[in-house]
Amino acid sequence: MPETPDLDLRLVRYFTVVAEHLNFGRAAAALHLAQPALSRQIQRLEHQLGARLFDRTPQGSRLTDAGRIFLPRAHDLVDTAHEAALATRAAASPGALTVGYVGDLVVTPAVRELRRRHPGAEITTRHLDWQDTSALPERRVDALVARLPLPFPADRFRVEPLYDEARVLVVPASHPFAGKESVALDDLGGTELVACTSSAAIWSAGAQPTADDSFEDKLELIAEGHGVAILPAGDRRPTLREDLATIPFEGLGPCRVVVATRFTDHNPLAGDFREIARSQNSS
């Protein structure tokens with residue numbers, strides 16, 4: 001049986017950066033290395049593998065056939081090593097958890113119970129606005145309480161339902177719908193509606209969010225008569241304004257509130273938080 005190469009993971013990571021840039025100069029700058037040093041490291045990796053990974057050209061570099069085959073496996077090696085280190089640290093010191101929550105959702109009862117069960121743990125909370133879509137994938141929070149749809153691929157995370165909310169239509173207080181017992185989808189006629197891909201909100205075209213808008217900016221547009229919104233009934237922020245009216249909305253399914261954690265997170269506090277959140281919201 002041929003001898004298995006003893007790969008240096010640091011060199012494998014260097015390879016993925018060069019493959020991303022296809023230019024040794026730019027890759028060296030990204031890695032904060034001198035270009036000759038990076039070239040020597042890639043040559044060491046090629047020697048370990050027994051295959052040339054790059055062809056140098058006047059325009060830069062390109063992957064060889066062997067390099068293209070190795071690239072996805074190199075990413076897997078780097079990712080697996082990273083996950084292994086994080087899991088080991090979490091198992092050795094499971095004493096910290098950051099809970100993220102969006103909009104007006106309340107996590108206080110679940111966090112209070114988690115602190116009661118683990119008095120020595122460092123448990124913090126972080127409020128996230130609707131633009132902050134990557135806090136859980138980027139590991140800035142360890143658990144996330146949010147409404148569907150989630151702003152990242154849900155199949156890569158453990159997502160468990162907590163409860164459902166009805167929907168309401170938000171209009172200016174002077175709107176003809178204000179004061180009605182309920183409004184149906186057909187009542188909106190030809191109003192163009194745009195569902196937000198990173199939250200449960202549905203906006204009319206006039207109030208459609210941009211990357212720089214806050215939730216409050218959108219409510220201001222609606223109050224000025226530039227559109228309407230369909231929001232979860234549990235979101236109480238529109239009810240705090242006298243210039244807005246909320247009406248129960250029929251014709252769409254409910255909004256679902258969920259708790260999400262990473263599949264690869266072995267911190268027992270994350271599992272305890274999920275269990276507490278579920279039990280407190282079960283009916």
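Residue indices begin at 1 and follow the sequence shown.
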Using only atom types and a distance under 3.5 Å, with no angle test, would you say the side chain of [X] pairs donor to acceptor with the backbone of [Y]?
X: His175; Y: Phe177; value: yes
X: Asn267; Y: Ala96; value: yes
X: Thr64; Y: Gly67; value: yes
X: Arg62; Y: Leu22; value: no
X: His127; Y: Gly103; value: yes
X: Asp235; Y: Leu231; value: no
X: Thr80; Y: Leu77; value: no
X: Gln280; Y: Ala110; value: yes
X: Arg73; Y: Ile69; value: yes

Mind checking the [atom1]-[atom2] spacing from [X] to [Y]? Nearest 0.5 Å is all I need.
X: Glu46; Y: Phe70; atom1: CD; atom2: CZ; result: 10.5 Å
X: Ser279; Y: Glu113; atom1: OG; atom2: CD; result: 7.5 Å
X: Thr261; Y: Leu144; atom1: OG1; atom2: CG; result: 10.0 Å
X: Ser61; Y: Asp55; atom1: OG; atom2: CG; result: 8.5 Å
X: His75; Y: Arg13; atom1: NE2; atom2: CZ; result: 12.5 Å
X: Leu97; Y: Arg115; atom1: CG; atom2: CZ; result: 10.0 Å

Do Ser204 and Thr191 get their side chains close enough for a donor-acceptor pair, meaning under 3.5 Å? no
Checking side-chain polar atoms at under 3.5 Å, does Arg44 have a donor or acceptor matched by the opposite partner on Gln41?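 Checked: Arg44/Gln41 side chains pair up, N/O donor to acceptor below 3.5 Å.
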Return yes when atom CZ of Arg241 has more than 12 non-hydrogen atoms of other residues, nucleotides or ligands closer than 6.0 Å, and no otherwise.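 Enclosed: over 12 neighbouring heavy atoms sit under 6.0 Å from CZ of Arg241.
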Which is it for Val145 and Val102 under the side chain to side chain contact (heavy atoms under 4.5 Å, CB included) test, yes or no, and what are the steps along the way? CA-CA 7 Å; Val145 176; Val102 299; over 6 Å; no
With side chain to side chain contact (heavy atoms under 4.5 Å, CB included) as the criterion, how do Leu63 and Phe15 come out once you've worked through the C-alpha distance, each side chain's angles and the decisive distance to 0.1 Å? CA-CA 10 Å; Leu63 288 165; Phe15 163 74; 3.8 Å; yes
Using the ring centroid of each side chain, check whether Phe157 and Phe152 are separated by less than 6.0 Å. yes
I need the minimum non-hydrogen distance between Ala173 and Ala178, along with the two atoms involved.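 Where Ala173 meets Ala178 most closely, the heavy atoms are O-CB, 3.4 Å.
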What are the two closest non-hydrogen atoms of Val258 and Pro161, and how far apart are they?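 Heavy atoms only, the tightest pair is CG1-CA, 4.0 Å.
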SB check [X] [Y] (cutoff 4.0 Å):
X: Arg256; Y: Asp164; value: yes
X: Glu275; Y: Arg278; value: no
X: Arg274; Y: Glu160; value: yes
X: Glu250; Y: Arg167; value: no

Is any side-chain heavy atom of [X] less than 4.5 Å from a side-chain heavy atom of [Y]?
X: Tyr101; Y: Thr108; answer: no
X: Leu169; Y: Leu188; answer: yes
X: Leu38; Y: Val18; answer: yes

Under the salt bridge (charged side-chain N to carboxylate O under 4.0 Å, His left out) rule, collect the residues that match up with Arg112, sequence neighbours excluded. none
Which pairs count as side-chain hydrogen bond (donor to acceptor under 3.5 Å, both in side chains) when at least one residue sits in residues 25-37, sequence neighbours excluded? none
